Amino acid sequence: MGKLNQEKVAFFERYSPLAMAQQQKYGIPASVTLAQMYIESAGGKSNLAQSGNNYFGIKCSQQWLAEGKPYSLHHDDKPNEKFCNYATVEESINHHSQFLMGNRYAACRRCAEDDYRGWANGLQAAGYATNRNYANMLIADIEAYGLSKYDQQVKTLPRVAEQQTMPLATTQGYSFPLAGENMVMSDGFGLSPTSYRNHAHNGIDLRAKYEDVLATENQGRVVMVGSDKTSGNYAVVEYDRADGAKWRVSYCHLDSVAVKQGDVVNAGQKLGVSGNTGNSTGPHLHLTVKHQAAGTTEMKTVDPLNYLAEIAVRGNLTATVLKKGTSVDLLASRKSGVDTSPTQADWLMAQTQLTPQQQQNAQAGAQLTLQAGSNDPNTLLAYLMGQNQANENAYQQGGDLFTSLISGLFTSAIGMAVLLDHTGNDDTASEQAKAVQQHEQTEQQKAATLIRRQRESIDPVVARETAMMNFDAEYPEEQRNTGQRLA
């Protein structure tokens, strides 16, 4: 081994703590960061490094320019190209790490965090630099100066949570399965893809070359993870609705899976990396979506575009799905038919500020809205009055007095309490409150009259306990089946 360049030794030692911190956050070998940093900045002496702390030769993206961030002009492949300027060296290193988190370098991220050879060759293959000997240059410095020792040191430290920026296709609570401004669909639902002329397509194929695959909603449950000859590596996630409905999304042909069965995931969280496993002719993401309506047990396969249109509306997502080779927005016509009733995620978010009793009322209100077919207060009030009248008729025909009366009044009180919880202080709210009060007074008078008639033949304590036990047993499963009170 020849004599080491002491300036290089000092350079690597100076910036090793910053490089190791990046490995903790992003899994990029510290040795690779240091070797790239030295080569790209000529040991910190390049014009880019001296004038703008740009130690990795990173050019400005359209987003960087649109946000008005600083840059400087330098000759590179072309005259006067725009390069990023940074306030500090640390800022430059951190942006470099985020840069390598892009889809272009997904193949690098499949390498272990101490596989500096894999990373070096992956960077060259992805076109980080035009020099055809780039990988060998990185490896030579890493091995000559023993930089891999920093990789091993980091492996003994606890991993710091990866700091990623929110993908463009994600907002709070909802996300498209791929990041970026647009997704491109190569094959649609029910069609016969090129490679399966005689096979019905139960989902859609989205163009994705080893890109991060993301969960689409908050509080999703990973119900299955596996691999087979058809779907390759896959993950299946269920997303619940407040009314008892479910969406089940299968993400197939993954190169790798980042979750396990039983995990709870949130919108934008990485489920894995798209790939070319299973019966596939090229890297892409296949989505299959199934829907289970409220009150049923059957999962029906549906067009994933309908589901993507729904979350686009709910999450106000600006990205869309384009048909391959065109500029046709495949979601535009579907968004108008989206049902925007609250989802489980919406209810969970709203209920974080509610007391346990208010949460119970909110859930009962959701069931009441489903049964009545509307959340209009007047419609709900008419429905409740009709239900209580039906309960009184049931008693007259030999039904249980306290079960029918107390359960009916209890249901009415819960349902209307939800309406009042969400009603403002305007005149309409006042009129609704008066109507509810009058209705309750009428029902209480009816109950009092009937109770007096049966006073001598019924033990009130025993009857009341029986009624509440019956109500608990019926709600919600049996009531869904019988159509009584709450759905």
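Residues: numbered from 1 along the sequence shown. Since we're looking at a predicted model, the values are computed, not measured.
At a cut-off of 3.5 Å, with distance as the only test, a side-chain donor of Tyr116 or Glu143 sits close to an acceptor on the other residue. Under 3.5 Å, the side chains of Glu211 and Ser274 contain no donor-acceptor pair of N or O atoms. With no hydrogens or angles considered, no side-chain donor-acceptor pair links Thr320 and Asn182 at under 3.5 Å. A donor-acceptor contact closer than 3.5 angstrom is absent between the side chains of Asn279 and Thr230. Asn54 and His96 share no side-chain donor-acceptor pair at under 3.5 Å. Between the side chains of Gln36 and Tyr134, at least one donor-acceptor pair of N or O atoms lies under 3.5 Å. Inspection of the Asn47 and Ser51 side chains reveals no N or O donor paired with an N or O acceptor under 3.5 Å.
When atom types are taken as modelled, the side chain of Asp263 and the backbone of Lys260 share a donor-acceptor pair closer than 3.5 angstrom. No donor-acceptor distance shorter than 3.5 angstrom exists from the side chain of Asp212 to the backbone of Lys270, with no hydrogens or angles considered. Remark: the backbone N or O of Ala42 is not paired with any side-chain donor or acceptor of Ser46 at under 3.5 angstrom. Side-chain atoms of Thr296 come within 3.5 Å of backbone atoms of Ala293 as a donor-acceptor pair (strictly under, hydrogens ignored). The closest donor-acceptor contact from the side chain of Ser148 to the backbone of Asp151 lies at 3.5 Å or more, if one exists at all. The main-chain N or O of Tyr234 is never found under 3.5 Å from a side-chain atom of Ser231 such that the two would form a donor-acceptor pair. Between the side chain of Arg109 and the main chain of Leu100, a donor-acceptor pair closer than 3.5 Å is present. Judged purely by atom type and a 3.5 angstrom limit, His201 uses its side chain to pair as donor or acceptor with the backbone of Gly188. Side chain of Asn121 to main chain of Arg117: a donor-acceptor pair is present (N/O by atom type, distance under 3.5 Å, no hydrogens or angles). Looking only at distances, no side-chain donor or acceptor of Gln219 sits under 3.5 Å from a matching main-chain atom of Tyr239.
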Fill in: Test side-chain contact (heavy atoms from CB on, under 4.5 Å) applied to Leu254 and Leu285, step by step
CA-CA 7 Å; Leu254 303 181; Leu285 172 63; 4.0 Å; yes
Worksheet entry | Audit row: Thr288, Val249, side-chain contact (heavy atoms from CB on, under 4.5 Å) steps and yes/no | CA-CA 6 Å; Thr288 295; Val249 183; over 6 Å; no
Practice prompt. Might you work through the salt bridge (charged side-chain N to carboxylate O under 4.0 Å, His left out) test for Arg334 and Asp303, ending with a clear yes or no?
Written response: CA-CA 11 Å; Arg334 300 170 187 258; Asp303 190 339; 3.4 Å; yes
Worksheet item: Should Val338 and Glu310 be marked as a side-chain contact (heavy atoms from CB on, under 4.5 Å) after you check the CA-CA gap, both sets of side-chain angles, and the distance that decides it?
Response: CA-CA 5 Å; Val338 171; Glu310 183 199 37; 3.8 Å; yes
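Note: Ile93 CD1 to Leu18 CG = 4.5 Å, rounded to the nearest 0.5 Å. Going from atom CZ of Phe56 over to atom CD1 of Ile58 covers 7.0 Å, rounded to the nearest 0.5 Å. Taking CH2 of Trp247 as the start and NZ of Lys290 as the end, the distance is 13.5 Å to the nearest 0.5 Å. Note: Leu73 CG to Phe83 CZ = 9.5 Å, rounded to the nearest 0.5 Å. The distance from atom CG of Leu147 to atom NZ of Lys8, rounded to the nearest 0.5 Å, is 9.0 Å. A distance of 7.5 Å separates OH of Tyr38 from CG of Asp141, quoted to the nearest 0.5 Å.
A salt bridge links Asp240 and Arg221; the closest N-O separation between the charged side-chain nitrogens and carboxylate oxygens is under 4.0 Å. Residues Arg14 and Glu7 are not paired through a salt bridge, judged by the lack of any N-O separation under 4.0 Å between the basic side chain and the carboxylate. Look at Glu81 and Lys59 and you find a salt bridge, because one of the NZ, NE, NH1 or NH2 atoms lies within 4.0 Å of a carboxylate O, short of that distance.
Checked against the 6.0 Å centroid threshold, Tyr105 and Phe99 count as a close aromatic pair.
The minimum heavy-atom distance linking Pro29 with Ala112 is given by the pair CG-O, 4.3 Å.
Counting heavy-atom neighbours within 6.0 Å of Gln292 CD, excluding the residue itself, gives a total above 12. Atom CZ of Arg207 has 12 or fewer heavy atoms from other residues, nucleotides or ligands within 6.0 Å. Few gaps surround NZ on Lys246; more than 12 heavy atoms of other groups in view lie less than 6.0 Å from it. Taking a 6.0 Å sphere around CD of Glu67, one finds it holds more than 12 heavy atoms contributed by other residues, nucleotides or ligands. Heavy-atom neighbours of Phe11 CZ from other residues, nucleotides or ligands within 6.0 Å: above the threshold of 12.
For the side chain to side chain donor-acceptor pair (under 3.5 Å) test with His95, the passing option among Tyr86, Tyr55, Trp64 is Tyr86; the others fail. Under the side-chain contact (heavy atoms from CB on, under 4.5 Å) rule, Arg248 has a single partner from Glu238, Met224, His291, which is Glu238.
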